[in-house]
Number of protein chains: 2
Amino acid sequence: MTLEQSEYPCPIERTIQTIGGKWTFLILRNMFQGENRFNQLQRNLDGISPRTLSLRLKELEQANIIIRNVFPETPPRVEYHLTEKGEELRPIFVTMKTWGNKWEIMKP
Amino acid sequence: MTLEQSEYPCPIERTIQTIGGKWTFLILRNMFQGENRFNQLQRNLDGISPRTLSLRLKELEQANIIIRNVFPETPPRVEYHLTEKGEELRPIFVTMKTWGNKWEIMKP
DNA sequence: CTGAATCCAGCAAGATACTG
DNA sequence: CAGTATCTTGCTGGATTCAG
């Protein structure tokens, strides 16, 4: 690999390592909008497969960006919530939204 | 594909579509630090292959985020510069840097 | 409902060699 | 120096099925 140095020295690189996946970004965007259940996310994420959604959620949980909460009911219910660390990603998304709104596709 | 709708309706999605690649982010980070030549970028990007660098630069050029400037000299010199559209991505990187600095790896 | 398991496809990227 | 060409590898994700 190209990253075997002692650690990720650059904070931007660290951030991208954590949330930079194709789906990860979109999952977080939806969570910032209040969605927190598995099916709810899956429905609103343009047909993401359960496999991928599950994998990404686990990654985010391991990075302490979200917390997984299981309710022992039938049918089972699981809610995902942003931690403080996750919540503080919000400015990144706000900035992206601003930029995306200003510069539409192919607009010079 | 999962994106055959009329366009990318979400500005965040648009932004990610444009700059969300693994290397794209890092290339831009280096350009924000003033690097603008091919070899200079390649040297400082942890061994990115010329093929990948070339492909990503072309994408960025097509998205009007950078401009390619060829100087007819020997040896040839090519400089890449951020457009206004590209320059305005900077706040995203600043926000990421802030977050990455605050929340080091695995820090809860 | 919330996943886990399995298998497979596609593309991004690496390695390497070569050119104007 | 700034790429292109070619070939190969590896990861991400899709599709589907099944389970608690």
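Protein chains get the first letters and strands the later ones, always in sequence-line order, with residue 1 at the start of each.
In this model, the phosphate group of D:dT12 is not approached by any side-chain N or O of A:R56 to a distance below 4.0 Å at OP1 or OP2. Contact check, A:W23 against D:dG14: a side-chain N or O comes under 4.0 Å of OP1 or OP2. Look at A:S54 and you won't find any side-chain N or O under 4.0 angstrom from OP1 or OP2 of C:dG3. Proximity of A:T52 to the phosphate of D:dG13: no side-chain N or O atom is located under 4.0 Å from OP1 or OP2.
Distances were taken from every side-chain heavy atom of B:V78 (C-beta onward) to each of C:dG14, D:dG3, D:dA15; the shortest belongs to D:dG3. Among the nucleotides C:dC1, C:dA4, C:dA15, the one closest to the side chain of A:N39 is C:dC1.
What separates NZ of B:K58 from C1' of C:dA12 is a distance of 15 Å, to the nearest Å. Distance A:K22 NZ to D:dT12 P: 12 Å, rounded to the nearest Å. If you take CG of A:L53 and P of D:dA15, they are 14 Å apart, rounded to a whole angstrom. The distance between atom CG of A:L60 and atom P of C:dG3, rounded to the nearest whole Å, is 13 Å. Between B:Q40 atom CD and D:dC1 atom P there is a gap of 11 Å when expressed in whole angstrom units. For the pair A:N36 CG and C:dG3 P, the computed distance is 12 Å after rounding to whole Å. As a whole-Å value, the separation of A:I48 CD1 from D:dT12 C1' is 11 Å. The separation between A:F71 atom CZ and C:dG3 atom P is 12 Å, rounded to whole Å.
Looking at B:T98 and B:T95, their side chains never bring a donor and an acceptor atom within 3.5 Å of each other. Under 3.5 Å, the side chains of B:N30 and B:E35 contain a donor-acceptor pair of N or O atoms.
A cation-pi arrangement, defined by a distance under 6.0 Å to the six-membered ring centre and an angle within 45 degrees of its axis, is absent between B:R90 and B:F32.
Sequence order on DNA chain D of the closest nucleotides to A:R51 and B:E79 puts B:E79 first from the 5' end.
At the heavy-atom level, A:R37 lies under 4.0 Å from the strands shown only through sugar-phosphate atoms. Among the protein residues, A:R68 comes within range of the sugar-phosphate backbone only, with heavy atoms under 4.0 Å from sugar or phosphate atoms but none that close to a base. Residue contacts for A:Y80: at a heavy-atom cut-off of 4.0 Å it reaches the sugar-phosphate backbone alone, with no base atom in range.
Residues A:Y80 and A:F38 place their aromatic rings such that the two centres sit no closer than 6.0 Å.
Judged by distance alone, the side chain of A:T52 and the main-chain N or O of A:I48 form no donor-acceptor pair under 3.5 Å.
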